[in-house]
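The block underneath contains the structure these notes are about, expressed in structure tokens.
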Amino acid sequence: MPLSAQASEQAYSAQDIQSMIIGKRIYLATPMGGEFPLNYRKNGVVDGSGEALGLGRFIKPEDTGKWWIRGDRLCQQFQTWYKGAPMCFELYKTGSKTLRWVRDNGQVGTARIGEGI
């Protein structure tokens, strides 16, 4: 088990990512409170909007990019967010509709799995 995993967490496999994440809206918990929705569309597109959180003061509030699965990690690349840099995440199941993510740069966070899109 990777050091980044907690004992009670189960790592997502590529198949788990495909069945549990793709085609759904994922709500990332934000440090300032609230949730940031990302839509992982079945056609390989990921998009999101921070408009409801008021992020337009800091970044472009909406962006679109692409997602892919590499090994057992979910990867994504936006057009402008994060300067268009690709990033990958290990995902760990923490509940029936919750997860913890670990980005390839060591950042961690939590999210909940929302409705299908």
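Only this structure's heavy atoms are used, side chains among them; waters, hydrogens and symmetry mates stay out.
Closest approach of Val46 to Trp67, counting heavy atoms only: N-CD1, 4.0 Å. Closest heavy-atom contact between Ser49 and Pro37: O-CD, 3.5 Å. Scanning all heavy atoms of the two residues, the minimum distance from Ala14 to Gly71 falls at CB-O, 3.2 Å. Phe36 and Thr30 make their closest contact through CB-CG2, 3.8 Å (heavy atoms, listed as atom of the first residue, atom of the second, distance). The two atoms that bring Ile22 and Lys42 nearest to each other are CG2-CA, 4.0 Å, heavy atoms only. In terms of heavy atoms, Met20 sits closest to Ser96 at CE-O, 4.4 Å.
Atom NZ in Lys93 sits 8.0 Å away from atom CG in Asp16 (nearest 0.5 Å). Within the model, atoms CD of Glu9 and CG of Leu91 stand 10.5 Å from one another, a figure rounded to the nearest 0.5 Å. Between Ile69 atom CD1 and Ile17 atom CD1 the span is 5.0 Å, to the nearest 0.5 Å. Summarising the geometry, atom CG belonging to Leu99 is positioned 5.0 Å from atom CD1 belonging to Ile113; distances are rounded to the nearest 0.5 Å.
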I would like to know whether Tyr40 and Leu74 meet side-chain contact (heavy atoms from CB on, under 4.5 Å); could you show each step before the answer? CA-CA 10 Å; Tyr40 289 92; Leu74 176 63; 3.8 Å; yes
Run the side-chain contact (heavy atoms from CB on, under 4.5 Å) check on Gln77 and Tyr82 step by step: do they pass? CA-CA 8 Å; Gln77 182 177 20; Tyr82 303 99; over 6 Å; no
side-chain contact (heavy atoms from CB on, under 4.5 Å), that's the test. Do Thr94 and Thr110 meet it? Break it down for me. CA-CA 9 Å; Thr94 59; Thr110 59; over 6 Å; no
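The shortest distance between side-chain heavy atoms of Gln107 and Trp101 falls below 4.5 Å. Looking at Asp47 and Arg41, their side chains come closer than 4.5 Å, going by heavy atoms from C-beta outward.
The salt bridge (Lys or Arg N to Asp or Glu O under 4.0 Å) contacts involving residues 65-79 comprise nothing, where partners must be two or more places apart or lie in separate chains. Within the structure, every pair that satisfies the disulfide (SG to SG under 2.5 Å) test and touches residues 78-117, not counting sequence neighbours, is listed here: Cys75-Cys88.
Residues forming a ring pair (Phe, Tyr, Trp, His ring centres under 6.0 Å) with Tyr27 (at least two apart in sequence, or on another chain): none.
Here the rule is salt bridge (Lys or Arg N to Asp or Glu O under 4.0 Å) with Glu115, and of Lys97, Lys24, Arg25 only Arg25 fits it.
Remark: Gln15 CD is loosely packed, at most 12 non-hydrogen atoms of other residues, nucleotides or ligands lying under 6.0 Å away.
The same ILVMFWY cluster, assembled from side-chain heavy atoms under 4.5 Å apart, contains both Val108 and Tyr92.
A donor-acceptor pair under 3.5 Å is formed between the side chain of Asp63 and the backbone N or O of Trp81.
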